Amino acid sequence: MMSEMLSVKDLFPEGQIRFIAGPCAVESDQQIDTTAKFLSQSGVRILRGGAFKPRTSPESFQGLGEEGLKLIRRAADRNNMLVVTEVMDEENLELVGEYTDIFQIGSRNCQNFSLLRKVGKSEKPVLIKRGFGNTIEEFFQASRYISMGGNEQIIMVERGIRTFEDSTRFTLDVSAIPVLKEKVKYPIVVDPSHPAGKREYVPSLSYAAVGAGADGLMIEVHPEPEKALSDARQQIDFNTFAEIYRKALNIREAMN
Ligand code: PEP
Ligand code: MN
């Protein structure tokens, strides 16, 4: 069951912290369903998982395609969750739209202006991730390609940028949170997983984001992270997620 006319303001209420979580990629019914069940019981409402994966190497696992869309839709329905999954190109927009509640625009497509215009005409919310080579201003302008089509249901995600620093996979730009909050009224969400690159850094980046005023966290969670078919090194297990969840709520409450 796909929900009609979702409001991102309802999904990410002012002054609170909400979670989007799930594996990097949908791998099997068992993997996505186990994850959805755990997350749903924890209080997470939005399930993530890629079916079409933008991989650096064409030889790497590219995602299950339509089969992956079916699996994540089913897992979300069984566990009363919403789906967010990436649409990589205009060619698959209609197909992805048949299964997802929220379109994800990945970092590599942040300035794919024709794709942005297309989702700007859609009735579904759009979660857009900052291009890792984009300034905050460029990211803001990208969001305008969506809103100018009439779609104001936008979630903006800071996911780290390329810098000279190579101890982590990307550099989380915490400053993007207050700067974006001056420019837009959309929820600002932080993905700590991709900048961390290693699972042991994910908790710290999560807490920094909440402390800086993020409205949500988007975290990669896998039932057996070390066996994941993509981003195995950065995905966290259920116990670690439960700890981050609890502490993030505490930090948010302390701030209020
Ligand atoms: C993702 O979140 O699935 C992803 C591919 O991340 P990014 O586009 O930020 O690299
Ligand atoms: Mn990933």
Side-chain angles (χ1 to χ4, degrees), residues 19-27 31-32 35 39 44 46-58 60-65 68-69 71-72 82-89 92 96 99-112 115-116 119 125-134 136 138-139 142-143 146 154-163 168-173 176-177 180 188-199 201-202 205-206 209 214 216-237 241:
F19 289 79
I20 299 169
C24 178
V26 181
E27 298 171 0
Q31 173 241 21
I32 192 71
T35 309
L39 292 171
V44 178
I46 308 175
L47 180 65
R48 64 146 290 146
F52 294 96
K53 295 301 300 176
R55 303 306 302 284
T56 300
S57 162
S60 301
F61 175 59
Q62 303 286 305
L64 296 179
L69 295 174
L71 296 179
I72 193 172
L82 299 169
V83 170
V84 61
T85 196
E86 179 162 353
V87 55
M88 276 177 56
D89 43 51
N92 283 316
V96 175
Y99 296 95
T100 199
D101 297 294
I102 302 170
F103 284 119
Q104 176 170 332
I105 301 292
S107 189
R108 291 155 191 81
N109 268 322
C110 185
Q111 289 188 308
N112 182 339
L115 182 61
L116 298 182
V119 294
V126 179
L127 177 154
I128 180 167
K129 301 189 79 173
R130 180 180 179 182
F132 51 72
N134 288 148
I136 298 172
E138 286 164 343
F139 187 26
S143 77
I146 304 170
I154 300 172
I155 300 162
M156 297 183 77
V157 180
E158 161 59 38
R159 49 78 73 212
I161 53 175
R162 274 263 155 88
T163 67
T168 52
R169 190 175 176 194
F170 295 93
T171 299
L172 178 65
D173 184 6
I177 302 163
L180 285 170
I188 307 302
V189 169
V190 167
D191 166 355
S193 304
H194 289 88
K198 293 181 184 163
R199 67 178 64 82
Y201 304 146
V202 173
L205 299 192
S206 301
L217 291 171
M218 181 185 204
I219 305 184
E220 288 189 343
V221 180
H222 193 286
E224 292 176 289
E226 54 294 327
K227 292 192 185 154
L229 300 181
S230 57
D231 289 350
R233 192 67 186 82
Q234 75 197 25
Q235 301 203 58
I236 60 170
D237 61 20
F241 180 82

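From a predicted model like this one, the values you see are computed outputs, not experimental measurements. Counting convention: from 1, in listed order, for ligands and their atoms alike.
Draw a line from the Mn ion (ligand 2) to OD2 of Asp231 and another to OE2 of Glu220, and the angle between them is 130° (to 10°).
Interface of Gly106 with ligand 1, defined as ligand atoms under 4.0 Å from a residue heavy atom, comprises 8 (O). The Lys53 neighbourhood of ligand 1 comprises atoms 3 (O), 5 (C), with distances under 4.0 Å to a heavy atom of that residue. Taking every heavy atom of Arg108 and a limit of under 4.0 angstrom, the matching atoms of ligand 1 come to 7 (P), 8 (O), 10 (O).
Heavy atoms of Gln104 approach ligand 1 to within less than 4.0 angstrom.
Residues Gln31 and Pro223 meet the side-chain proximity criterion, which asks for heavy atoms closer than 4.5 Å. Counting only heavy atoms from C-beta outward, the side chains of Asp89 and Phe52 never approach each other to under 4.5 Å. Annotation: side chain of Thr163 is not in contact with side chain of Asp173 (no heavy-atom distance under 4.5 Å).
Using modelled atom types, one side-chain atom of Thr100 and one backbone atom of Val83 make a donor-acceptor pair closer than 3.5 Å.
Nearest protein neighbour of atom 3 (O) of ligand 1, counting heavy atoms only, is Arg48 NH2, 2.8 Å. Nearest protein heavy-atom neighbour of atom 6 (O) of ligand 1: Lys129 NZ, 3.0 Å. Nearest non-hydrogen protein atom to atom 9 (O) of ligand 1 is Arg159 NE, 2.6 Å. The protein heavy atom nearest to atom 8 (O) of ligand 1 is Ser107 N, 2.8 Å.
The residues Glu138 and Arg130 are annotated as not salt-bridged, no charged nitrogen and carboxylate oxygen being separated by less than 4.0 angstrom.
The salt bridge (charged side-chain N to carboxylate O under 4.0 Å, His left out) with Glu220 is formed by just one residue from the set Arg199, Arg48, Lys198; it is Arg48.
His194 and Asp231 form a side-chain donor-acceptor contact under 3.5 Å, judged by distance and modelled atom types alone.
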